[in-house]
Student: 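Pasting a structure below so you can have a look.
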Amino acid sequence: MNGAASRAERRAGWLFSAPALIAIGLFFVLPTIASLALSLTDFDIYALADIGNLRFVGLANYSALLSDPLFWTALGNTLWFVALGVPLVVVVALFAAILVNERIVAWRPAWRAVFFAPYVTTLVAAAVVWKYLLHARYGLLNHALGTIGLPPVDWLGDPRWAIPAITLFVVWKSFGYSMLIFLAALQTVPRELDEAARIDGAGWWSRLRHVTLPAIAPAAGLVAVLAVIAMFQLFAEPYVMTEGGPAQSTITVLYLMFDQGFQWWNLGIGAAVAVVLFVCILAAALAPALALRIYRGRSA
Amino acid sequence: MSARIAMTALVAMFAAITLVPLLWMISVSLMQPGEAGQFPPPLVPGDPTLANYRELFASQGMGLFLLNSLLVSTLATMLALVFTLPAGYAFARLRYSGRDATVRALLALLLIPGQIGMLPLFLELKALGLVNSYAGVLVPWLAGIVGIFLVRQYALSIPLDLIEAARIDGASEWRIFRHIVLPIMRPAVATLALFVFLGSWNDFLWPLIVLSDHDLYTLPVALAALGRERAQDIELMMAGSVVTTVPVLILFLALQRQFIGGLLAGSVKG
């Protein structure tokens, strides 16, 4: 039945995949590799005007970055977004998933759609909306705080609050997607196990802790890794809500790349930032698998 | 029964908090200019008006930006389908040497975020004369690896016997793809189209980089630019946000099932 592939089939295989492969090679792989090469040059606005001005500078861009306080600010800010945002996304998404998964809750598909709606909205438009919700004087959030007796906070104008404020927006915007991953994982929790625990007299909380949570732990890991990667890619949020301010407190790594590359036309330095960003994201994506391997190696 | 009501009320409360920003956006977009900048902030318009929308379309060129976005997203969708569908099918169901190695290589590429190569891509497109054109905006959508895997995942469920039978009947590979595979893959085609349309509609960083001509701006780029000029006009900005957001929200609500199913197929199983 599955004989050797005919010549026609082999040819069709390459013909069908060639356009996509060429596009990926030309507009994705080539630029990615070129980023590495570009980061070793002093490509700037003068090289843009005349390629003859281009020089190979080795690791000079990287050492310039390492001694630039703004780079460390951007990296520090990004890590703050990770530290605040990732646990929040995991907790809120898990909470939402458990709620809409409870069989006794009415109209579950409707709630699922509501929680997912922010993920679909246009990032720039939603950021514009939140910029006003977080407004110090007539923002809805401060008004809500006022009604329970709390003082107003200058969310986007105070360097101490700008990152938490933008994180709040990011969590609102994205938790629906992580909720879906948790929902899919919740479908795999063995029902017999849950029933057995129920018969043994385990309450809701105890079943959640000892049956549900262990079963969905891998999904939590996936959600966390995806959230870390997403946090490293923050750009439009600070660009629209704070323009990187106040006092550069919301400049992210990607923002720095955009700024260096397309505002100041220091494409060599911008490319070096891109390479650093890539290393960070790769580390975030591979760290869990690596940690697991080391852990297994030790216990074996 | 009371547990049902209590739990449903808890979910409803959480849902209401989630919806506040979107409802507030629509409400403020209908307020009189200056009305939202008061304390305490009004929740509903005292005297609803469409003045902000009229201002957007009559003086701020929002109609043009809306058309630009529609054009870019439609073209992105069509191009992505043309490039992605045959490839995803070939990677799943055609046997040729080098296929599995290619698939593994593409899987590895999934780890690389698109932003990494943006500066060289800009230089590349500049050399090709595609900067400040829609062709430049569309280029990243041709190379959608996630889309290829979405199609591949779906194509793997097509029985090989069906394809083999068509071959025995003398159908060409192209004919098989066109008349047997594509009709079976209709749900995957719809899902991919939806993803690319929403993705390109919502995209910001790349159009911001490539487009310098104001008349070519897509809605997100135009809205961000407007926000820098008219930050004080809350009601106008909310109307702009409504125009930008509501089309994709309607699309999502109409095709929810397709969307959520596709996301899970692409991210969890794949």
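So that the names make sense, note that chain A is the first sequence line, chain B the second, and so on, each numbered from 1.
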Student: Within a radius of less than 6.0 Å around CZ of A/R103, do more than 12 heavy atoms belonging to other residues, nucleotides or ligands occur?
Tutor: no
Student: Which one, A/G270, A/A8, A/A117, A/A110, leads in non-hydrogen pairs under 4.5 Å with chain B?
Tutor: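 If we count pairs closer than 4.5 Å to chain B, A/A117 comes out on top.
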Student: Going by residue number, which parts of residues 109-119 of chain B are within reach of chain A, meaning a heavy-atom gap below 4.5 Å?
Tutor: B/L109, B/L111, B/I112, B/P113, B/G114, B/Q115, B/I116, B/G117, B/M118, B/L119
Student: Report the option among A/L123, A/I281, A/T121 that has the most heavy-atom pairs separated by less than 4.5 Å from atoms of chain B.
Tutor: A/T121
Student: At a heavy-atom separation under 4.5 Å, does B/L251 approach chain A through its side chain, its backbone, both, or neither?
Tutor: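 Contact with chain A involves no heavy atom of B/L251 at all.
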Student: Can you spot which of B/L160, B/L162, B/V181 makes a side chain to side chain contact (heavy atoms under 4.5 Å, CB included) with B/R93?
Tutor: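 By the side chain to side chain contact (heavy atoms under 4.5 Å, CB included) criterion, B/R93 pairs with just one of B/L160, B/L162, B/V181: B/L160.
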Student: Do A/W265 and A/F262 have ring centroids that are under 6.0 Å from one another?
Tutor: yes
Student: Would one find more than 12 heavy atoms of other residues, nucleotides or ligands at under 6.0 Å from atom CZ of B/R230?
Tutor: yes
Student: Using heavy-atom distances under 4.5 Å, tell me whether B/P21 contacts chain A through its side chain, its backbone, both, or neither.
Tutor: both
Student: For the residue pair A/Y119 and A/F116, categorise the inter-ring angle as parallel (less than 30°), tilted (30 to 60°) or perpendicular (more than 60°).
Tutor: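 It falls in the tilted class, 30° to 60°.
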Student: For B/L125, is it the side chain, the backbone, both or neither that has a heavy atom under 4.5 Å from a heavy atom of chain A?
Tutor: side chain
Student: What part of B/T244 gets within 4.5 angstrom of chain A, counting heavy atoms only: side chain, backbone, both, or neither?
Tutor: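 For B/T244, backbone and side chain are both near chain A.
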Student: Should the pair A/Y239 and A/F258 be assigned to parallel (<30°), tilted (30 to 60°) or perpendicular (>60°) ring geometry?
Tutor: perpendicular
Student: So what's closer than 4.5 Å to chain A heavy atoms on B/A231: side chain, backbone, both or neither?
Tutor: both
Student: For A/E237, is there an ion pair with A/K173 - N to carboxylate O distance below 4.0 angstrom?
Tutor: no
Student: Return the CZ to CZ distance between A/F16 and A/R11, rounded to the nearest 0.5 Å.
Tutor: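 Here the interatomic distance stands at 10.5 Å.
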Student: Below 4.5 Å from any heavy atom of chain A, which atoms of B/L208 appear? Answer side chain, backbone, both or neither.
Tutor: side chain
Student: Once you round to the nearest 0.5 Å, how far does CH2 of B/W141 lie from CG of B/L79?
Tutor: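 B/W141 CH2 to B/L79 CG: 12.0 Å, rounded to 0.5 Å.
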Student: Measuring heavy-atom distances to chain A, does B/M7 have an atom under 4.5 Å in its side chain, in its backbone, in both, or in neither?
Tutor: both
Student: Heavy atoms, side chains only, cut-off 4.5 Å: are A/V129 and B/L22 in contact?
Tutor: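 They are not in contact (no side-chain heavy atoms under 4.5 Å apart), so the answer is no.
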Student: Evaluate the ring planes of B/F14 and A/F95, with Trp represented by its six-membered ring, and classify them as parallel (under 30°), tilted (30 to 60°) or perpendicular (over 60°).
Tutor: tilted
Student: Using a cut-off of under 4.5 Å for heavy-atom pairs, which of A/N142, A/L183, A/L38 has the most such pairs with chain B?
Tutor: A/L38
Student: Would the number of heavy atoms belonging to other residues, nucleotides or ligands and lying under 6.0 Å from CZ of B/R167 be above 12?
Tutor: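 Yes, enclosed.
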Student: Any idea which of B/A9, B/A15, B/P247, B/G199 has the most non-hydrogen atom pairs under 4.5 angstrom with chain A?
Tutor: B/A15
Student: Among the options B/M25, B/M237, B/E124, B/Q256, pick out the one with the most heavy-atom pairs lying under 4.5 Å from chain A.
Tutor: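 Of B/M25, B/M237, B/E124, B/Q256, B/E124 has the most heavy-atom pairs under 4.5 Å with chain A.
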Student: Would you mind telling me which of A/L140, A/I33, A/L26 has the largest number of heavy-atom pairs within less than 4.5 Å of chain B?
Tutor: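 Sorted descending by pairs with chain B, the first entry is A/L140.
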Student: Give me the atom names and distance for the closest heavy-atom approach of B/S241 to A/A125.
Tutor: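 For B/S241 and A/A125, the tightest heavy-atom pair comes out as OG-O, 3.5 Å.
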Student: Out of A/F235, A/F115, A/F232, A/W130, return the one with the most heavy atom pairs under 4.5 angstrom to chain B.
Tutor: A/F115
Student: For chain A, which of B/L19, B/L205, B/L10 has the most heavy-atom pairs under 4.5 Å?
Tutor: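 The answer is B/L205.
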Student: Taking the six-membered ring for Trp, are B/W174 and B/F177 parallel (under 30°), tilted (30 to 60°) or perpendicular (over 60°)?
Tutor: tilted
Student: So which part of B/I176 gets closer than 4.5 Å to some heavy atom of chain A, the side chain, the backbone, both or neither?
Tutor: neither
Student: Is chain A contacted by the side chain of B/F91, its backbone, both, or neither, given a heavy-atom distance below 4.5 Å?
Tutor: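 B/F91 touches chain A through side-chain heavy atoms alone.
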Student: Report the distance from atom CG of B/L211 to atom OH of B/Y217, rounding to the nearest 0.5 Å.
Tutor: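 Between B/L211 CG and B/Y217 OH, I get 8.0 Å after rounding to 0.5 Å.
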Student: Please look at A/F28 and chain B and tell me whether the side chain, the backbone, both or neither of the residue comes under 4.5 angstrom of a heavy atom of that chain.
Tutor: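 Looking at A/F28, just its side chain touches chain B.
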Student: Determine whether a donor-acceptor pair (N or O, by modelled atom type, separation under 3.5 Å) exists between the side chain of A/W264 and the backbone of A/I45.
Tutor: no
Student: Can you tell me if B/W206 uses its side chain to pair, donor with acceptor, with the backbone of B/G136 under 3.5 Å?
Tutor: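 Flag set: sc B/W206 to bb B/G136 pair under 3.5 Å.
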Student: Kindly state whether the ring of B/F195 and the ring of B/F259 have centres lying under 6.0 angstrom apart.
Tutor: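 Ring-ring flag for B/F195/B/F259: true, centres closer than 6.0 Å.
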Student: Heavy-atom pairs under 4.5 Å with chain A: which of B/G98, B/P86, B/A143, B/P140 has the most?
Tutor: B/P86
Student: Indicate yes or no: does B/R228 engage A/E243 in a salt bridge with an N to O separation below 4.0 Å.
Tutor: yes
Student: Between B/S172 and chain A, with a heavy-atom cut-off of 4.5 Å, which part of the residue counts as in contact: side chain, backbone, both or neither?
Tutor: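 Nothing of B/S172, per the 4.5 Å heavy-atom cut-off to chain A.
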Student: Given that the side chain runs from C-beta out, which part of B/I148 has a heavy atom under 4.5 Å from chain A: side chain, backbone, both or neither?
Tutor: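 Contact with chain A is through the side chain of B/I148 alone.
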Student: What part of B/R257 gets closer than 4.5 Å to chain A, counting heavy atoms only: side chain, backbone, both or neither?
Tutor: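 It is neither, since no heavy atom gets under 4.5 Å.
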Student: Can you tell which part of B/V20 gets under 4.5 Å to a heavy atom of chain A, answering side chain, backbone, both or neither?
Tutor: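 Contact with chain A is through the side chain of B/V20 alone.
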Student: In terms of heavy-atom proximity below 4.5 Å to chain A, should B/A12 be classed as side chain, backbone, both, or neither?
Tutor: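 It is both, since atoms from each part get that close.
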Student: Based on non-hydrogen pairs under 4.5 Å, which of B/I209, B/V82, B/I163 is most in contact with chain A?
Tutor: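 Between B/I209, B/V82, B/I163, the count favours B/I209.
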Student: Among A/V29, A/L21, A/L30, A/V100, which residue has the highest count of heavy-atom pairs closer than 4.5 Å to chain B?
Tutor: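 Among the listed options, the one with the most contacts to chain B is A/L21.
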